[in-house]
Amino acid sequence: MQPSSALAVPWAYIKVPALQLEHWQRQDNLHDHCLVVACEKQRTVLQANSLAGQLGVKPGMDLADAWLMSEGLLHQFYDPQHEAELLKALAGRLYSYFADIAIDQHHHGLWVQLKSLKRLFADIEEVASVVAAQFRDDCGELNYTLTFASNPCLAQLGIDDHRQNFTEAIKDYPILQTFLAPGIQQKLVSMGLNTLGKLNQIPSPVLGKKLGKEVVLFLAELRGEVCRSFNFYQPEVVFYQSRQLNAEVHTWSSLRFACKSLLQALEQSLNANQQSTQRLVLWLFGRDFKGNPEALPSLQTLGVESVQVELARPAWKADDFFSILQLKMDTARFSQPIVDIAVQVTVTEPRAVEHGSLYAAQQQRTDLDLLLNRLQARLGQQRVYGLECTSSWLPEQQQKTVTVGKPVSGHPAHVSSWRPPWLVSPEPTNIDWWVISRQPQRLSLPWWYQAEPLLAHRDYVLAQHMDGRWGWIFFQPSTDTDDTAQGWYLQGWAS
Amino acid sequence: MSQPETLAGKAKHQVADDRLAKLIQRGYVFNARQRNVMHSERLPTGYRQLDKVLGGGLMLGALHEVQTPQPFSGESVLFKAALQRAQAKQQPVFWLNPPALPFLPGLQASESPHTIVNHLQENELQWAAAQVLQELHEGVVLIWQPTPSAEAIRQWQRAIRSDSQVYALVICQPMAQEARAYCNRLRLNLVDGSVSFEVLKRQGGWPAQTLAEPLRPWS
C-alpha cells in the first residue's frame, strides 16, 4: 500500500541523542574527559561522549562496567526536566527560521514542518539542502541526525522517503527499532513480521483483529493516512542579553552604564511585544566564570552571581527597573571583579490597557506602585506585605499576609460580632489582671471539624487591664487529651 | 595671616555652627516667617474635648505626634476616623513598624489596600516613612517610632506634598519638650482607666490640657 500523498508536506526530524551530555561537556569545558550520563535508578549508561565510546562505553551498559573500562570516567545523572529545557532552548534557536516546530521529549528530537519552505523553494531537494545548511550552522556543536520524510512518523523513525519509494524505504526497517510497545514488537517478531515492509503487506483489519488498535494506528501514521496532532512550539517572550564590560568592575557605580544600556534593550523588547514584567534577574559574571555569558547561566555555575528584582506591579520602562536596581545595588559588594553582565526576564504579561479619562486616578496608582516597588526592593518582601481577609473560625486565621500591590481580592471582613483592631498571637495571661466587661462570646469549631479535640471552642471576652488598656482575651478549656492548654490567653488589643 | 591662625578660626566657626545647630534643634532659635493659613480637612480624634482644643480634629496633609506611655493606651481611637475615610474612598493605608498586627475584621477596613512595613531599623524607618509621605497623595500613614530624631521629623514634614490629603500620625514615647516640626503634638496620659491629653503644640493656640475621661474600648 502506498502513502496517500507522498512528499505533499515534507517533514524534517532532528534527533539529538546526547543533549544533556553535550551541554554539560560544553558548559564545563570537559572536551578531553570521558563523560557519561546515566540513569539514576537503573545505573545504566544513557549517553556517552566520543572519548568514552572509544574506550568501549556504550549506552545501555551498566555504570559499574563503564567505570571498569575508564578510570577517569565522569558521570552525571539524567535529568528529564533539564533535558526538556535544553530541547526547548534548541527549539527556540530554530524558531527564528522554522515556524512549525514540535518537541518530541520522549525520543529527544524535534519535528519541523517544512510546508512554508516548500512554498518558497519549488524543488524539494532545494528545501532539504537549505534546511540541512541551517541545522549545520545552528546546531553544529551537537551530534544530531536529520531526516526528511513525507510524514512525521517516518521522519521520527529516521526513514527518508523523499529519495526513494515508500515501500522501498520501509522494506528492511526492523520492527524492534520502532516505537511500538515492547510486547507488541515481540508478538510481531514471533509472527515473522520482523520488518516494516512485511508489516505493511498485512491488511489493517487483520492486524487490528489480532494485535489491537495501536498497530493499526501506527501503520496509518506510517502511511501518512493519519497525522497525529501536534502542539507546536510557541516561544515565550523571554529576554536575555549580556554585555561585556570594558574593564573589570568592582563597584556598582561602574556597572551603571552597561546596566542602563541592557535595560533600554529590555524596554524596547517589552514595548515591541506590548508586554510588561514584575521580575528580572541581573546576572554578574565574575573573573572566575569560565563559560559563555551569552548562554543562560545557572546559579550553581562558578563565578556567577544573580540579583533578583521583584516589582510590586508590572513595569516595562528602563527607568523603573533601573531605579529599583539602584536601590538594591547601592550597598552591594561584589565578591569578585565583574567582567560581564546580563539581564534576564522569564515571565511577562500583557500590558494593561490605559484609559485617558482615568488619567489622574491612574497616575496615583502608578505612583503607589512605584513606591511599593521601592519599598520592596530596599527592605525585602518579608518586611513589606499586605493583608487580606480570609474565612475561618479562628481569629488568627481570619486574615493572611499577601504580596503588596495586588488588588484586594479576599473575603470582605463580614464578621457580624465585635472584633478588636489589633491582633496578637495567643499568649497566656493572668485573669486577675483583667476586669471582664462584656458577656463572653463562644467561638467554636464547626461540627465537621469536631475530630480535633484541642480546638473545640474558645470563650472570648472584652476586658480592661489593670493599667487601663482594653484587651480581647479568651478562655481555652481543657480537652480529653490535654490539660496543659487550659487557661486564659490574650489575643487582641482594643484601645 | 599665618596658617595656624586660619585653622583656629575655622575651628571657632565650627564650634559656633554646632552650638547654633543644637539651639535650632531644641527650638530656642528658629526662622520665623509668615505662613498661609491652611484650610485642609480635619478628622475627629474620637475624643470630644480634644477635638474642641484642636479646632475640630487632626488636619490632613500635616504631620502629627501622639506620645503614649505604652502601646494600645487609647491612641487607636485617634486614627479610627482616618481609617473609615480611607475605607470609604479605598485609599491606601501604611502601617510602619506597628506594635502588633492590625486586624482587618476589627478595623472593618478590608476594602482599602493595607501595607505593613515591619521590623525596620531607625534609619530604614526614616527612609521608608519619607518615601511614603512623599509619594502618597491621599491615604493614611501611621508611624511607630519610640524616639524619633528631630532630623527625621523635619525630613518627614518636608516630604509631605503641599497638596497632600494624607493623614500622617507618629506614635512615640513621652519625651522631653524639644522643638519638633509637627503640626500638632499630643501627650496621652492613661491613669486609672481614664485618659487625658496634654496638647504640647497646636496650630493657632497655646499648649492646653484636656480633662480626664474614661478610656472606651474600640467600637
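Residue numbers begin at 1 in each chain, while the letters A, B, ... track the order of the sequences.
The most heavy-atom pairs under 4.5 Å with chain A, out of B:Gln131, B:His119, B:Glu75, come from B:Gln131. Heavy-atom pairs under 4.5 Å with chain A peak, among B:Asp192, B:Val117, B:Val195, B:Leu78, at B:Val117. Top candidate by heavy-atom pairs under 4.5 Å with chain A, chosen from B:Ile116, B:Leu107, B:Leu190, B:Leu215, is B:Ile116. Taking B:Leu136, B:Leu101, B:Val77, B:Val191 one by one and counting their heavy-atom pairs under 4.5 Å with chain A, the maximum is reached by B:Leu101. Contact count versus chain A (heavy atoms, under 4.5 Å) is highest, among B:Ser194, B:Gly193, B:Gly74, B:Pro69, for B:Gly74.
Of the residues A:Gln491, A:Arg438, A:Arg442, A:Gln441, the one that meets the side chain to side chain donor-acceptor pair (under 3.5 Å) test with A:Tyr460 is A:Gln491.
Within the cation-pi definition used here (under 6.0 Å to the ring centroid, within 45° of the axis), A:Arg458 qualifies as a partner of A:Phe474. Judged by the 6.0 Å distance and 45° axis criteria, A:Arg419 is not positioned over the aromatic ring of A:Trp472.
In this structure, the portions of B:Asn118 lying under 4.5 Å from any heavy atom of chain A include both its backbone and its side chain. Contact of B:Pro102 with chain A is made through backbone and side chain together, with heavy-atom distances under 4.5 Å. Interface residue A:Leu375: backbone and side-chain heavy atoms are both found under 4.5 Å from chain B. With a threshold of 4.5 angstrom between heavy atoms, A:Val384 approaches chain B through its backbone and through its side chain. With a threshold of 4.5 angstrom between heavy atoms, B:Val132 approaches chain A through its backbone and through its side chain. With a 4.5 Å cut-off on non-hydrogen atoms, B:Leu120 touches chain A through its backbone and its side chain both.
A salt bridge links B:Arg85 with B:Glu41: the closest approach of a Lys/Arg side-chain nitrogen to an acidic carboxylate oxygen falls below 4.0 angstrom.
Between B:Tyr167 and B:Phe79, the distance from one ring center to the other does not fall under 6.0 angstrom. In this structure, B:Phe103 has its ring center at least 6.0 angstrom away from the ring center of A:Trp422.
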Verdict with supporting geometry, A:Arg279 and A:Glu310, salt bridge (Lys or Arg N to Asp or Glu O under 4.0 Å): CA-CA 5 Å; A:Arg279 187 170 177 273; A:Glu310 305 266 358; 3.2 Å; yes
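Rounding to the nearest 0.5 Å places CG of B:Leu188 at 7.5 Å from OG of B:Ser196.
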